[in-house]
Amino acid sequence: MLKAIWDNIKGLYSLLVGLSITGRYLVSPRKTIHYPRQVVDDEILASFRGPLELTRGRKEPGQTRCISCQMCVRACPGHCLTVIKGDAKAPSRWIYDFSLCCLCGACVEACPAGALAFSHKVYLVATSREELKLDLLADLKARTEKEAPPKNE
Amino acid sequence: MTGCFNFINPLAVTEEPGTTAGDFYTRNFEKKAVPGRIILNLGPQHPSTHGVLRILCEMDGEYIVRCEPVLGYLHRMHEKMGEVKTPWQFIPNMGRVDYLHPLAWTWAFVGACERLAGIEIPERAEYLRVISCELNRISSHLLWWGAFVMDLGGVTPILYAFEEREKINDILQIITGSRLTMSSFRFGGVCTDADERFKSLAKEFIPYLRERLKMYKGLVTDNIILRRRLEGIGPMDADICRRYGATGPILRAAGLARDTRKDFPYSVYHKFDFPVPAGPANDCFGRYLVRLSEIEASLMIVEQALASLPEGSHIMEKAPKANWKLPAGESYMAVEGARGQVAVHVVSDGGPKPYRVKLRAPGFSNLSLFAEAAAGTLLADAIAILGSLDLVIPEVDR
Ligand code: SF4
Ligand code: SF4
C-alpha cells in the first residue's frame, strides 16, 4: 500500500520533470529556420550535392571542359544525360534530366576531363517534368555572364 | 484508431480451397465470418505503421485474436535491379533500401563486391566508413526514438530528436553529400575525404549528444506514462527470436549479446572498445533501453575512431569505375545495421552485371515475429509492439 502511494508520487514527479523540460523549450529561442524569410547558411550548403553543373574551362571561363567522350552518359544509372557532339570536340547540346537523377556521382567521377560538378542549388523548383530537363550549356553561359559581365575592351 | 472495417463477403465461403479468389482473410484465416469478431485492417496508410505496412487483425472487442502482416505495398525490385545494372550503378540503390540506415546497406554491398574482387581499401577509408556508419546508426535510432514515442501518443519528443538528427545530417553531409539516402561508399574507399570542419563538428557533437541523452531520460525514459505502457508488454524471448531469425536490438533485448560487429568483425571494428548492450528485459521497454544504450556505444566508437583517424588517402588508387566488372564467383557480407544484421550476397559470372544480388533485410525477419507476439494483446499494445520492432517498410519489402 505504502509502496503504491510512493510509486504514484514518483510517477507524478516524473511528469513534472518532463513538463519542466518542455517548458524550458517553450521559452528558449526558436531552432528552426523560416524559409523563405530566412535561409540556411552557405557554409552548410557548400557540401550539399544539388543538380549537376558544368565546370568552367581552365583557360576560357565561359567554355566547358567537356570533350563529348560520353563516359558520363554510359556511367549514369538513371540515363539522365544526353551529350551531343558538335564540331570539334566540344558538345553542341548538353541535356541533363534532373527528374531522373539520383545524385549518385557516377558521372562526376567518370568524367576524364573534370567537366562536371555538383551545384549547391537547394531551391530549385519546377512545376512540370519538362522544366527539369536542364540545358547545362545555357546554364554555364548564364553563370558566366552573371559573374563576369562581358568586358568592353 | 483509424482503419476500415471489412465485413467478410459471405460469397467467399463457397470458394474451393486452393483458389486465389476471396480476400486475404478468407484465404488464410477463416472461410466464413465468426460471430462476435470483426476484421480490422491496420494500414496500409496508417501513420503508426511507418510506411505502407498493412496488418490484418481479427479482433474480439479490443483484443487481437489473430493478426498477420500483409507485405508488398512498397516492393521496388531492388534485387532485380541489381541484375540489370553494373555493380557501380547499383550503389545508389543501396541508399534507398533502408532510408534510415543507408550506409549499412551500402557497406554490405560494397563490402561483398570488394571481398569478391579481393580489394584492400586504405585504412583511412575504413575509419571514415566506421565513423559515418555509426553516426548514421545514431540518427536512425534517434528517429526511431521519436517515432516510437509518437506512436504511443507523445508528439513532442520527435521534434527534439530531429534537432539532433539535423546536426548529424549536417556532419554527414560533408562526407556523403546528401542528407537522407547517403550512399557515399565506393569500391576501394569513400567518395569524399573528411576535412577539418567535419572533424571538429563531429567532436563537438559527441559531448553534446551525451548531454541530450540525459534530457531524454528525464523527458521520456522516466516518464511514468511511458513505463506503464511499455513494461511487460510484448515479451519476446530468445526462443522466438531464434525461430524467426530476429537480429539486432530485439535479439539483444532478449538477453543474447549478439552483434555482427563483435561476432564477425569486419573493417576495423576489432580496434575499438565498445559494449554490446543486452537485456535487461525482453519487453517493449527493454528494447527501448537497448537502443538508447546503443546510441552511447556508437558514440564511444565515433570518439575512438576520430581520435585515431589515420592519415592517408580516402580512396585507393585506380579505384574501380562505373564499367568495372566483378570477377566470377560469389561472396557474402554481413554488417550490423540499426535494425539488425544487414547482409548482401553477390553472385557474379564474370559479366558486366552481377548474376544475382540477394539482400537480407533484418526488418523482414523482425516483422515476422509480430503475428505471434501480438496475438492476445490489446490493439493499443500491438501498436507499441510494432513500434518497438523499429520497422522500415521499404527495407522489409525491398
Ligand atoms: S549523379 Fe548519377 S544519376 Fe545523376 S546524372 Fe550523374 S550519374 Fe546520372
Ligand atoms: S564524361 Fe565529361 S568529357 Fe565526357 S561527355 Fe561527359 S562531361 Fe563531357
Side-chain angles (χ1 to χ4, degrees), chain A residues 4 6-26 28-33 40-41 43-52 70-81 100-112 117-120 122, chain B residues 81 84-96 106 154 156-157 159-160 162-163 166-167 169-184 186 191-192 195 197-198 201 212 214-228 315 319-324:
Chain A
W6 178 238
D7 274 355
N8 281 339
I9 292 175
K10 264 205 315 199
L12 282 177
Y13 176 70
S14 77
L15 296 184
L16 284 182
V17 172
L19 274 180
S20 72
I21 292 172
T22 32
R24 234 177 294 144
Y25 255 83
L26 189 65
S28 66
R30 192 179 63 213
K31 299 270 167 73
T32 47
I33 289 177
V40 181
D41 290 348
E43 194 192 16
I44 295 176
L45 294 185
S47 57
F48 185 80
R49 288 189 192 169
L52 288 177
Q70 311 289 337
M71 293 289 271
C72 53
V73 180
R74 255 176 268 140
C76 176
H79 310 295
C80 354
L81 308 175
L100 299 176
C101 176
C102 62
L103 298 172
C104 63
C107 51
V108 177
E109 285 170 42
C111 179
F118 285 110
S119 71
H120 314 304
V122 287
Chain B
M81 276 157 99
V84 297
K85 295 198 179 300
T86 68
W88 209 112
Q89 290 178 334
F90 191 55
I91 294 178
N93 274 64
M94 301 317 289
R96 275 109 183 133
T106 320
T156 323
L159 303 174
Y160 298 173
F162 261 88
E163 199 182 323
E166 283 303 304
K167 276 191 197 285
N169 279 347
D170 282 347
I171 299 172
L172 282 181
Q173 184 190 300
I174 299 174
I175 57 170
T176 65
S178 35
R179 298 177 77 84
L180 190 67
T181 51
M182 306 138 184
S183 37
S184 64
R186 300 284 183 258
C191 76
T192 321
D195 56 6
R197 185 158 162 266
F198 172 82
L201 277 180
R212 295 281 293 187
K214 289 184 196 147
M215 183 276 270
Y216 286 7
K217 186 169 183 305
L219 181 67
V220 176
T221 314
D222 287 344
N223 187 299
I224 188 76
I225 304 175
L226 180 101
R227 297 190 88 125
R228 296 252 161 105
I315 191 156
K321 284 274 163 54
N323 52 5
W324 180 57

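Residue numbers start from 1 in every chain, and the chains themselves are labelled A, B, ... in the order their sequence lines are given, proteins ahead of strands.
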Among [options], which residue has the highest count of heavy-atom pairs closer than 4.5 Å to chain A?
options	result
B/L219, B/V220, B/N93, B/D195	B/L219
B/R227, B/R96, B/R186	B/R186
B/F162, B/W88, B/Y160	B/Y160

Original post:
What distance separates A/I21 CD1 from B/T156 OG1, expressed to the nearest 0.5 Å?
Top reply: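 A/I21 CD1 to B/T156 OG1: 11.0 Å, rounded to 0.5 Å.
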
Compare every heavy atom of [Y] with every heavy atom of [X], then report the nearest pair and how far apart it is.
X	Y	answer
B/R228	A/D7	NH2-CB, 4.4 Å
A/F48	B/Q173	N-NE2, 3.2 Å
A/C76	B/Q89	O-NE2, 3.3 Å
B/C191	A/E109	CB-OE2, 3.8 Å

**OP:** Would you please name every residue forming a side-chain contact (heavy atoms from CB on, under 4.5 Å) with B/L201, sequence neighbours left out?
**Re:**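 For B/L201, the residues satisfying side-chain contact (heavy atoms from CB on, under 4.5 Å) (neighbours in sequence not counted) are B/I171, B/I174, B/R197, B/E204.
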
Original post:
Checking B/D170 against chain A: side chain, backbone, both or neither under 4.5 Å from a heavy atom?
Top reply: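 The answer is the side chain of B/D170.
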
**OP:** Identify which part of B/T176 has an atom lying under 4.5 Å from any heavy atom of chain A, answering side chain, backbone, both or neither.
**Re:**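 Looking at B/T176, just its backbone touches chain A.
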
Subject >> Those residues that, when tested against B/R212, pass salt bridge (charged side-chain N to carboxylate O under 4.0 Å, His left out) (two or more places apart) >> reply: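 Applying salt bridge (charged side-chain N to carboxylate O under 4.0 Å, His left out) to B/R212 gives B/E163, B/E164.
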
